[in-house]
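Data first, discussion second: the structure below is written as C-alpha cells.
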Amino acid sequence: MPEQNGTTNGQTFVTAFARGLSVIQAFGPESPRMTLAEVATRTGLDRAVARRLLLTLVDLGLAAVVNERKFELTPRILSLGFSYFSSIGFDRSLQPYLDQLSRLVGETISVSVLDGEDVLFLARSDAAGRRMVYLAKLEDRLPAYLSSSGRLLLSDLSDAELSAYLHRIERRAYTANTITDPDQLMAVIREAGRNNYAVIDQELEDGILGASVILRDRRGSAIAALNMSSHVGRLDKARLVREFIPILQDWAPRFVDLLL
C-alpha cells in the first residue's frame with residue numbers, strides 16, 4: 001500500500017480511497033474473477049476491509065458477485081476512465097474508424113457502453129446530412145432498455161439481475177412500438193444475446209431504426225457495442241439484418257483492439 005512506503009503526506013493521503021483503488025487494480029487478465037480471500041491476499045488487506053470495499057463496488061455497480069462466491073468488475077468500471085479518455089483524445093482515436101465505417105454504410109455509426117441504467121456513447125460519426133437528432137437531444141445517453149446497444153449489453157446479466165433491473169427502472173413508451181412489458185423485454189434481450197446483435201424498430205422515435213453488435217474482450221465479456229442508426233425511408237428491418245449486421249460484425253474486432 002502507498003502509505004507504507006514513506007512517500008505520502010499523512011495529512012493529505014486518504015487511506016480508504018487508496019485501498020479501494022488497490023482492490024480495483026487487483027483484477028486483471030490473470031485474475032478476472034476472485035473470491036474475497038483471493039482479493040485480500042492480492043491486496044494485502046484484512047478480509048473484513050476487503051469485503052467492505054468489494055461490497056461498496058457492488059453497490060455502485062462497478063463490480064458484481066458471480067456464483068455467490070466470486071467477484072468481478074463490470075463494464076461500468078469504464079466510466080472511471082472517461083475523463084482520462086477524453087483528455088488524451090481517446091474519442092479521436094475511434095473517430096477515423098467510425099468515419100470510415102459511416103461512409104461505407106452511409107449511416108450514423110457509434111460506440112457505446114453500459115453506464116448504470118443508460119447506455120453512454122463514447123464517440124459517433126454522422127453520415128453527411130443524416131444526423132440522428134434524438135442522440136443529440138438526449139445528450140449522448142439513451143435508456144438501455146429501449147436501445148439496441150443497451151439490450152445487447154444487458155443480455156450479459158443473469159436472469160435475476162436482469163429481472164431486478166427491468167422492474168426497477170421507469171419503462172416509458174416513447175412511441176406506439178416501444179416495448180415496456182418486463183416479460184417481453186426479457187425475451188427480446190435474451191434473443192439479442194443469442195443472436196449477438198440487436199435491432200430496435202421505431203421504439204425510440206418514429207421512423208428510426210437502430211442496430212448493434214457486441215464488442216467482447218478476450219475473456220468473452222461484453223465491454224461495448226458498435227451501433228448503426230438509420231431511417232425506415234432508407235432501410236427496412238429485414239434488409240438491415242441481412243446486409244448491414246454482417247458489416248458491423250466484420251468491423252467489430254477493429255474497435256475491440258482500440259478499446260483494450
Side-chain angles (χ1 to χ4, degrees), residues 58-66 72-79 82 107-124 132-216 221-232 237 240-241 244-245 248 252:
V58 171
D59 286 344
L60 293 172
L62 300 174
V65 181
V66 184
E72 68 176 7
L73 300 180
T74 69
R76 193 175 186 184
I77 202 74
L78 290 172
S79 64
F82 287 159
E107 303 289 352
T108 296
I109 298 293
S110 59
V111 171
S112 58
V113 296
L114 192 63
D115 185 26
E117 296 178 355
D118 300 328
V119 287
L120 175 65
F121 289 82
L122 300 181
R124 183 177 69 239
M132 295 291 107
V133 177
Y134 70 82
L135 291 183
K137 181 173 64 181
L138 292 179
E139 299 179 343
D140 292 331
R141 282 180 178 270
L142 291 177
Y145 75 94
L146 60 68
S147 64
S148 59
S149 56
R151 289 180 181 176
L152 199 51
L153 293 166
L154 288 169
S155 70
D156 260 22
L157 297 179
S158 68
D159 285 346
E161 292 169 331
L162 183 54
S163 178
Y165 163 82
L166 292 174
H167 286 88
R168 181 177 69 248
I169 61 171
E170 177 188 2
R171 300 180 304 278
R172 172 186 166 192
Y174 284 73
T175 74
N177 294 319
T178 305
I179 299 174
T180 58
D181 179 77
D183 292 333
Q184 286 183 274
L185 284 169
M186 175 79 80
V188 298
I189 289 169
R190 288 294 175 238
E191 181 182 14
R194 290 191 297 271
N195 293 337
N196 283 316
Y197 71 83
V199 175
I200 296 292
D201 189 355
Q202 304 184 77
E203 292 191 53
L204 178 63
E205 184 173 323
D206 289 330
I208 297 297
L209 289 169
S212 298
V213 300
I214 202 73
L215 302 180
R216 295 188 180 277
S221 298
I223 56 172
L226 177 62
N227 323 299
M228 173 180 146
S229 300
S230 185
H231 192 277
V232 293
K237 182 178 178 180
L240 178 60
V241 172
F244 290 88
I245 290 296
L248 295 180

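- Taking the side chain as every heavy atom from C-beta outward, Leu154 and Leu162 approach each other to under 4.5 Å.
- Looking only at side-chain heavy atoms (C-beta outward), Arg190 and Asp159 come within less than 4.5 Å of each other.
- In this structure the side chain of Leu62 never reaches within 4.5 angstrom of the side chain of Leu73, judged on heavy atoms.
- When all heavy atoms are compared, the tightest approach of Tyr145 to Tyr165 is N-OH, 3.3 Å.
- Using a 4.5 Å heavy-atom cutoff, the side chains of Ile245 and Val213 are in contact.
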With side chain to side chain contact (heavy atoms under 4.5 Å, CB included) as the test, would you mind laying out the steps for His231 and Glu107 before giving the verdict? CA-CA 9 Å; His231 192 277; Glu107 303 289 352; over 6 Å; no
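- Contact of the Ser147 side chain with the Arg151 side chain is not registered, since no non-hydrogen atoms from C-beta on lie closer than 4.5 Å.
- Across all their heavy atoms, Leu166 and Pro182 have their closest contact at CD1-O, 3.6 Å.
- Distance check: Ser112 OG to Leu122 CG gives 7.5 Å after rounding to the nearest 0.5 Å.
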Hey, can you pull the donor-acceptor pairs under 3.5 Å for the side chains in residues 191-202, sequence neighbours left out?
unit_1: Asn195; atom_1: ND2; unit_2: Glu191; atom_2: O; d: 3.3
unit_1: Gln202; atom_1: OE1; unit_2: Gly207; atom_2: N; d: 2.8

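- Rounded to the nearest 0.5 angstrom, Ile189 CD1 and Leu153 CG are separated by 10.5 Å.
- Within the 4.5 Å cutoff, the side chain of Thr175 has no heavy atoms near those of the Leu204 side chain.
- Closest approach of Ile223 to Val113, counting heavy atoms only: O-CG1, 3.4 Å.
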Step by step, work out the side-chain hydrogen bond (donor to acceptor under 3.5 Å, both in side chains) result for Glu203 and Thr178. CA-CA 4 Å; Glu203 292 191 53; Thr178 305; 5.2 Å; no
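- Judged purely by distance below 3.5 Å, without hydrogens or angles, the side chains of Ser229 and Thr108 never pair a donor atom with an acceptor atom.
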Working for side chain to side chain contact (heavy atoms under 4.5 Å, CB included), residues Arg216 and Ser221: CA-CA 5 Å; Arg216 295 188 180 277; Ser221 298; 5.7 Å; no
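- Smallest separation of non-hydrogen atoms from Leu146 and Arg172: CD2-O, 4.0 Å.
- Across every non-hydrogen atom of Ala225 and Ser212, the tightest pair is CB-CB, 4.3 Å.
- In this structure, OG in Ser110 is found 7.5 Å from CG in Leu226, a value given to the nearest 0.5 Å.
- The CD1 atom of Ile208 sits 12.5 Å away from atom CG of Asn177, with the distance rounded to the nearest 0.5 Å.
- Here Leu215 contributes atom CG and Asn227 contributes atom CG; the two are 8.5 Å apart, rounded to the nearest 0.5 Å.
- Minimum interatomic distance between Leu114 and Ala144 (heavy atoms only, all atoms of both residues): CD1-CB, 3.8 Å.
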Let's go through Met228 and Phe244 carefully: what are the C-alpha distance in whole Å and the side-chain angles of both, what is the deciding distance for side chain to side chain contact (heavy atoms under 4.5 Å, CB included) to 0.1 Å, and is it a yes or a no? CA-CA 9 Å; Met228 173 180 146; Phe244 290 88; 3.6 Å; yes
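- Side-chain contact between Val111 and Phe121 is absent, with no heavy atoms from C-beta onward closer than 4.5 Å.
- Under 4.0 Å is where a charged nitrogen must lie from a carboxylate oxygen, and between Asp181 and Arg171 no such pair does.
- Partners of Glu161 under the side-chain hydrogen bond (donor to acceptor under 3.5 Å, both in side chains) rule, at least two apart in sequence or in another chain, are Ser158.
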